[in-house]
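Notes follow once the structure below has been shown.
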Amino acid sequence: VVDAGVGQSDLTRAALINHTYRAGKASWSGRPSPLMVGVGRSRERVGQARHAVLVLQRELATGFVGRLSAMPPLAIGWLQADWMHALPFRTGSVSRLVCNLSLAYVPSPLVALREWHRALHPDGCLILTAFHPSTDLSSLYRRHLRQANQDEFSVQAQPLLHYFARLREAIRHGILHAFDEAGLAALLKQCGIASFRILPIFDGQALVAIVGKQNSSSSLR
C-alpha cells in the first residue's frame with residue numbers, strides 16, 4: 001500500500017492501529033508482513049511523518065505487550081520522491097495507492113495521475129480524494145463544534161477555523177486544484193483511465209474517486 005502524500009501520516013497511523021487491533025482476532029501464521037510505504041515530496045514532511053509513526057509504534061508496543069507476536073508487524077517504509085517524475089516503483093507493482101487530498105498541491109494533476117496509474121497493479125486500486133471548487137470545511141467543523149457543545153471562538157477552535165478559511169480562499173482563487181464530478185471524470189479519462197467511480201463525501205465538500213487498472217467494474221467493488 002502506498003500513501004502518496006504522507007501529510008500528517010494520518011493514513012499510515014490509522015493502518016497501524018487497525019493492524020495492531022487485529023493482532024488478537026486472527027491467525028496470521030505463514031503470511032508475509034503487509035508493507036506500507038509513505039511517499040512525501042519533501043525531506044522535512046517525510047521526517048515529520050516518520051517521527052509521528054515511531055511515537056505511535058512505541059505507544060502501541062506498550063499497550064499491547066504479548067499480543068503483537070500473534071501476527072506479523074506492519075512493515076512501514078518512507079520515500080522522498082517528486083511526483084512530477086517517475087516514482088521509484090516498477091510498473092504494475094503497487095496493490096493499493098491512496099492519494100488523500102494530495103492532488104490539490106501538485107503542479108500537474110495530469111502528470112501525477114498518469115504516474116500513479118502506471119505503478120498500479122493490474123488488479124490494484126487507486127483511492128483518490130479531491131477538493132470541490134466550493135469546498136468550505138469550516139461549515140462541517142462548526143457543525144461538529146455545535147454537536148459537541150463547544151464554542152467556535154475558543155482558543156482551540158480558532159486556529160482550525162482560520163486554516164479552513166485560508167484553504168477555502170486558496171481553492172476559490174485557483175491556487176489549489178479542485179474538481180467537480182465532471183471535471184474529475186474528464187481528468188481521469190485524459191489519463192487513459194476508463195475504470196473508475198466518483199462519489200461525493202463530506203456533504204459534497206469533496207469527492208472520492210475509486211480507480212481500477214483494468215477496464216471493468218470488478219476491481220472497484
Donor-acceptor contact present, side-chain Ser102 to main-chain Ala4, <3.5 Å:
yes

Is Leu126 reachable from Leu79 through a run of hydrophobic residues whose side-chain heavy atoms are each under 4.5 Å from the next?
yes

When clusters are formed by joining ILVMFWY residues with side-chain heavy atoms under 4.5 Å apart, either directly or through shared neighbours, do Val55 and Ile76 land in the same one?
no

All side chain to side chain donor-acceptor pair (under 3.5 Å) counterparts of Gln205, not counting sequence neighbours
Ser139

Who pairs with Arg13 by side chain to side chain contact (heavy atoms under 4.5 Å, CB included), at least two apart in sequence or on another chain?
Gln8, Ser9, Asp10, Ala52, Val53, Leu56

Please list, one pair per line, the donor and acceptor atoms closer than 3.5 Å that link side chains of residues 171-187 to other protein atoms, with sequence neighbours excluded.
residue : atom : partner : partner atom : Å
His173  : NE2  : Glu169  : OE1          : 3.4
His177  : NE2  : Val106  : O            : 2.7
Asp180  : OD1  : Ala182  : N            : 3.4
Asp180  : OD1  : Gly183  : N            : 2.7

Taking only residues two or more places apart in sequence, or in another chain, which ones meet Tyr141 in a ring-ring contact (aromatic ring centres under 6.0 Å, His included)?
Phe164

Salt bridge (Lys or Arg N to Asp or Glu O under 4.0 Å) with Arg142: which residues, sequence neighbours excluded?
Glu152

In chain order, what residues pass the side chain to side chain donor-acceptor pair (under 3.5 Å) check against His132, with sequence neighbours excluded?
Ser134

Those residues at least two apart in sequence (or on a different chain) that pass side chain to side chain donor-acceptor pair (under 3.5 Å) with His51 are none

Would you mind writing out the side-chain donor-acceptor pairs for residues 40-50 within the sub-3.5 Å range, not counting sequence neighbours?
residue : atom : partner : partner atom : Å
Arg41   : NH1  : Tyr105  : O            : 3.3
Ser42   : OG   : Arg45   : N            : 3.1

Those residues at least two apart in sequence (or on a different chain) that pass side chain to side chain donor-acceptor pair (under 3.5 Å) with Ser108 are none

Option among Leu120, Leu87, Leu110, Asp82 that satisfies the side chain to side chain contact (heavy atoms under 4.5 Å, CB included) test with Glu115
Leu87

Going by salt bridge (Lys or Arg N to Asp or Glu O under 4.0 Å), name the residues that satisfy it together with Arg143, two or more places apart in sequence or in a different chain.
Asp203

Among all residues two or more places apart in sequence or in another chain, which pass the ring-ring contact (aromatic ring centres under 6.0 Å, His included) test with Phe89?
none

Donor-acceptor under 3.5 Å (Ser195 side chain, Lys213 main chain)
no

Sequence-distant partners of Asp136, salt bridge (Lys or Arg N to Asp or Glu O under 4.0 Å), two or more places apart:
Arg168

